[in-house]
Amino acid sequence: MWNKIFSQLNLIRFGLAITSVAVILLFLPRADHQSFSFEENQPWKYPLLTADFDTPILRDSASVRKMRDSIDRVFVPFVKRDLEAEKTNMERFANIIQNHSSHEERTLLLKLLKQTYENGVLESKMYANVVTNGNRQLRLVEGNSGESKSVVAINAASMLSPARAFGRIDSIFSHEFHGGEGKMAPEIRKALNLCITPNIVTDSATDYKYRSQEYLNVTGAMGVIKKGQRIVDRGEIINPQIFTNLNTYLDMMNSRQAETRDHTYFIIGQGLYIILIYILLYCFMSLYRSRFFSDIRQMVFLMSFITLFVVFSIVMFEYVSNGIYLVPFAAVPVIILVFFDSRTAIFALLTTVLISTLVATYQFQFLFMELSVGLTATFSIRQLSRRSQLLRTAMLSFLAYTVTYFATCLLSEGNLSNFVPRIIGIFAINSVILSFAYILILVIEKIFGFTSTVTLVELSDINSPLLRRLAENAPGTFQHSMQVSTLATEAARAIGANTTLVRTGALYHDIGKMKSPVFFTENQHGVNPHAGLNPETSAQKIIAHVTDGLAMASKEKLPKVIKAFISQHHGKGITKYFYNTAVNENPDEVIDKSKFQYPGPNPQSKETAILMMADAVEAASRSLNDFTPDAINTLVDRIIDSQISDGLLKEAPISFRDVETVKDTFKKRLSTIYHSRVQYPEINRSTASAEAESEGQ
């Protein structure tokens, strides 16, 4: 069974790695040559670029556009006459006005329409161009596709647009029949407007053919950059012509490589590179962070986070100029540190940066800068407990970016000729984005069910509603929890455990006592309700505070890690007072131990183990009559050794050396709390009388 579960877990981990590799390969660019990121009117930031092959020099886009506009202004359009449209419109117009006009009106209208078509009706756009350009010439193409075509130059001075033609006919008709004061009938106006359509239209095929020939003079090469000649040098301003030359060269390079190279091997190489990096990550996690490696949920988060960060870096590199330097790689160790530890955070940073190097232009510079900044962020925020820490980390990251950028500029050129001030602005934006990592931490907590240090610090505020209720309803338990929290935190610090987690868990471990606080000694004031109960019932009342506490924690939506302290702080221990009482009262009976046993489980982590020891020691210390160092030492040893002998700590990843360190910490702390105080001397009666007499005199 265990082998099957182990195999399934390994299969899931393997699937995570393969899925991550596939997603990253999907987004990686397919070019197997150095990529360049450049902008017009900005300096070229790379070394001297020379041509690997002859490259044509084409005009820049602004010049091409200007020359094409010039050609369009002087170009004489090719048109053809649409005889079918003339005939159809004449017949339609005659039929429509048959019943709406007199013979004289009809004769005049048909004559005017025919004359208009003979002169020519142009499309509105062509008419506007003819009038605007002042060139009244057109080239009329005669003949059909099946016949030999001929081109005749015609003058368009007498041609009109449909709107102009309508106005001309309307004006002549009104002047002829109404003395210029009236208008034609609405039916006639509507028919005339409908039947005036262009009969001189663009001959698209011929016009495109000759216009394209004119454009060739613009789009053709002006010269050639010979193989080995300079295209652009470092620091040179990329003017429009150089910008065009660069794009032409890179387009030709891509075309040549697409024809001559098989990208399959290149993709395989990229895949192997990523797989090797993931193998190193998996080896580290399995050997040195097995508790994280065995948790599938944490591995899903780690692999998903690295994958999405790398994909984001690729997208920023591809679509934003210098976009890869806008990616806050320092956020990787900061966020991983919150949910894992510093070594895992650093290894995650290495993994993310090494994979992202596949798209970086200057790989050495990229590696040096991002690793320096990421490590600076990691060292500056050992444990995130306040949002203000992110602001400090962001400022230190900006400083690290700036210093490393200066260093790489000096290293590559020996001077600051390659320094671009705009890059400093990009670093500033990067640092601002990093300061908002707090929001991403909250999102990750909700999605994966993790608990960050920030959340633990917020929960440990004794003014939180649940802890205030504990202080009001069970003040003795609240004071006990505060003392246990202090003891456990000191011990956790001594053995390198999570102090924030221990402190918070200790404050909440006994919240179940709020349901029936009077059954617990620290809340009693002279009256002991156990006096009238049998040992088994009393034990169940005591044991119930664990299940009641878990129910309250679920209702208040406390994190899973806090619930672990509630359920594990007694483990599967026995309520020895009531069990021993039951045995003593019934010497001839076999007492069922399970009725006096806590539900458990036993502590599963260093932190819950520390709490179990601190809880028992603090409670027992209240019963001491003698607070000498020997009495305290004996008490601590007896309590913790008893827990070990009962097997309550065998499931916790805590060593005997850690246990001894915890004991020493408890002994020192309790000796400080219960230290003997100096007894103030009393003034004897004879001395007091003498002082009173002297004051009276």
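When each of Phe347, Phe293, Phe14 is paired with Tyr282, the ring pair (Phe, Tyr, Trp, His ring centres under 6.0 Å) condition holds for Phe293 and for no other.
The aromatic ring centroids of His509 and His545 lie 6.0 Å or more from each other. Between Phe565 and Tyr508, the distance separating the two ring centers is not shorter than 6.0 angstrom.
No side-chain heavy atom of Ile381 sits less than 4.5 Å from a side-chain heavy atom of Val338. Between Leu456 and Ile562, some side-chain heavy-atom pair lies under the 4.5 Å cut-off. Put simply, the side chain of Asp615 reaches to within 4.5 Å of the side chain of Asp510, judged on heavy atoms. Annotation: side chain of Ile424 is in contact with side chain of Phe398 (closest heavy-atom distance under 4.5 Å). Between Ile24 and Ile355, some side-chain heavy-atom pair lies under the 4.5 Å cut-off. Using a 4.5 Å heavy-atom threshold, the side chains of Leu354 and Tyr273 count as touching. Residues Ile447 and Phe301 are not in side-chain contact: their nearest non-hydrogen atoms beyond the backbone lie 4.5 Å or more apart. Contact annotation: the side chain of Leu459 approaches that of Pro559 to within less than 4.5 Å [non-hydrogen atoms, C-beta and beyond].
For the pair Ser20 (side chain) and Leu16 (backbone), a donor-acceptor distance under 3.5 Å is absent. Asp646 places no side-chain N or O within 3.5 Å of a backbone atom of Leu648 that could act as its donor or acceptor partner. Remark: side-chain polar atoms of Ser380 are paired, donor with acceptor, to backbone N or O of Thr376 under 3.5 angstrom. Listed for the Ser464 side chain is no donor-acceptor partner under 3.5 Å among the backbone atoms of Ser460. One N or O on the side chain of Gln568 and one on the backbone of Gln604 form a donor-acceptor pair closer than 3.5 Å. Between the side chain of Gln597 and the main chain of Lys572, a donor-acceptor pair closer than 3.5 Å is present. Judged by distance alone, with hydrogens and angles left aside, the side-chain atoms of Ser294 form a donor-acceptor pair with the main-chain N or O of Arg291 at under 3.5 Å. Distance alone, capped at 3.5 Å, places no donor-acceptor pair between the Thr55 side chain and the Ala51 backbone. Formation of a donor-acceptor pair under 3.5 Å by the Glu607 side chain with backbone atoms of Asn498 is found in this model. Under a 3.5 Å cut-off, the side chain of Thr408 and the backbone N or O of Tyr405 do form a donor-acceptor pair.
Between Asp658 and Lys663 no salt bridge is recorded (no basic side-chain N to carboxylate O distance below 4.0 Å).
How far CD1 of Ile296 is from CD1 of Ile12: 4.5 Å, rounded to the nearest 0.5 Å. Here the CG atom belonging to Asp52 is positioned 11.0 Å from the CE atom belonging to Met252, to the nearest 0.5 angstrom. One finds the CG atom of Leu440 at 11.0 Å from the CG atom of Leu434 (value rounded to the nearest 0.5 Å). Remark: Leu367 CG to Ser356 OG distance equals 9.5 Å, nearest 0.5 Å. Taking CE from Met303 and CD1 from Ile306, the interatomic distance works out to 6.0 Å, rounded to the nearest 0.5 Å. Note that the CD1 atom of Ile543 and the CD1 atom of Ile574 stand 7.5 Å from one another [nearest 0.5 Å].
In terms of the side-chain contact (heavy atoms from CB on, under 4.5 Å) criterion, residue partners of Thr344 (sequence neighbours excluded) are, by chain and number, Phe284, Met285, Arg289, Phe292, Ile336, Phe340, Asp341. Every side-chain contact (heavy atoms from CB on, under 4.5 Å) that Glu556 has, sequence neighbours left out, goes to Leu466, Arg469, Leu558. Checked against side-chain contact (heavy atoms from CB on, under 4.5 Å), Ala506 has the following partners two or more places apart in sequence or in another chain: Val484, Ser485, Leu611.
Here the closest non-hydrogen pair linking Ile610 and Ala492 is CD1-CA, 3.7 Å. Thr50 approaches Ile231 most closely through the heavy-atom pair C-CD1, 4.1 Å. Ser372 and Thr404 get closest at one heavy-atom pair: CB-CG2, 3.7 Å. Considering every non-hydrogen atom in both Ile433 and Pro328, the closest pair reads CG2-CG, 3.7 Å. Phe450 and Ile444 make their closest contact through CD1-CG2, 4.1 Å (heavy atoms, listed as atom of the first residue, atom of the second, distance). Contact record, Ile639 with Ala616: CG2-CB, 3.5 Å, taken as the closest heavy-atom pair.
Atom CZ of Arg422 is surrounded by more than 12 heavy atoms from other residues, nucleotides or ligands within 6.0 Å. Other residues, nucleotides and ligands contribute over 12 non-hydrogen atoms within 6.0 Å of the CZ atom of Phe448.
For the residue pair Ser304 / Thr307, no side-chain donor-acceptor distance below 3.5 Å is found, with atom types taken as modelled. Side chain to side chain, Glu370 and Tyr401 meet the donor-acceptor criterion of an N or O pair below 3.5 Å. Glu445 and Thr455 are linked by a side-chain donor-acceptor pair at a separation below 3.5 angstrom, with hydrogens and angles left out of the test. Looking at Ser642 and Ser645, their side chains never bring a donor and an acceptor atom within 3.5 Å of each other. A donor and an acceptor atom, one from each side chain of Thr351 and Tyr278, are nowhere located under 3.5 Å apart.
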*Worked verdict on Asn430 versus Tyr325 for side-chain contact (heavy atoms from CB on, under 4.5 Å)*: CA-CA 7 Å; Asn430 182 308; Tyr325 292 109; 5.6 Å; no
*How far apart are the C-alpha atoms of Val502 and Lys606, what are their side-chain angles, what is the distance that settles it, and do they pass the side-chain contact (heavy atoms from CB on, under 4.5 Å) test?*
CA-CA 9 Å; Val502 169; Lys606 277 186 179 182; over 6 Å; no
*Let me see the working for Val636 and Asp664 under side-chain contact (heavy atoms from CB on, under 4.5 Å), right down to the final yes or no.*
CA-CA 9 Å; Val636 171; Asp664 292 340; over 6 Å; no
_Test side-chain contact (heavy atoms from CB on, under 4.5 Å) applied to Arg297 and Val300, step by step_ = CA-CA 5 Å; Arg297 183 179 52 153; Val300 168; 5.8 Å; no
*List the steps and the verdict of salt bridge (charged side-chain N to carboxylate O under 4.0 Å, His left out) for Glu660 and Arg657.*
CA-CA 5 Å; Glu660 291 302 318; Arg657 177 180 293 179; over 6 Å; no
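Ring geometry, His570 versus Tyr598: the interplanar angle falls under 30°, so the pair is classed parallel (tilted spans 30 to 60°). Ring pair Phe305/Phe309 is tilted by interplanar angle, where 30° to 60° counts as tilted. Between Tyr249 and Phe53, the two ring planes are parallel [angle under 30°; tilted spans 30° to 60°].
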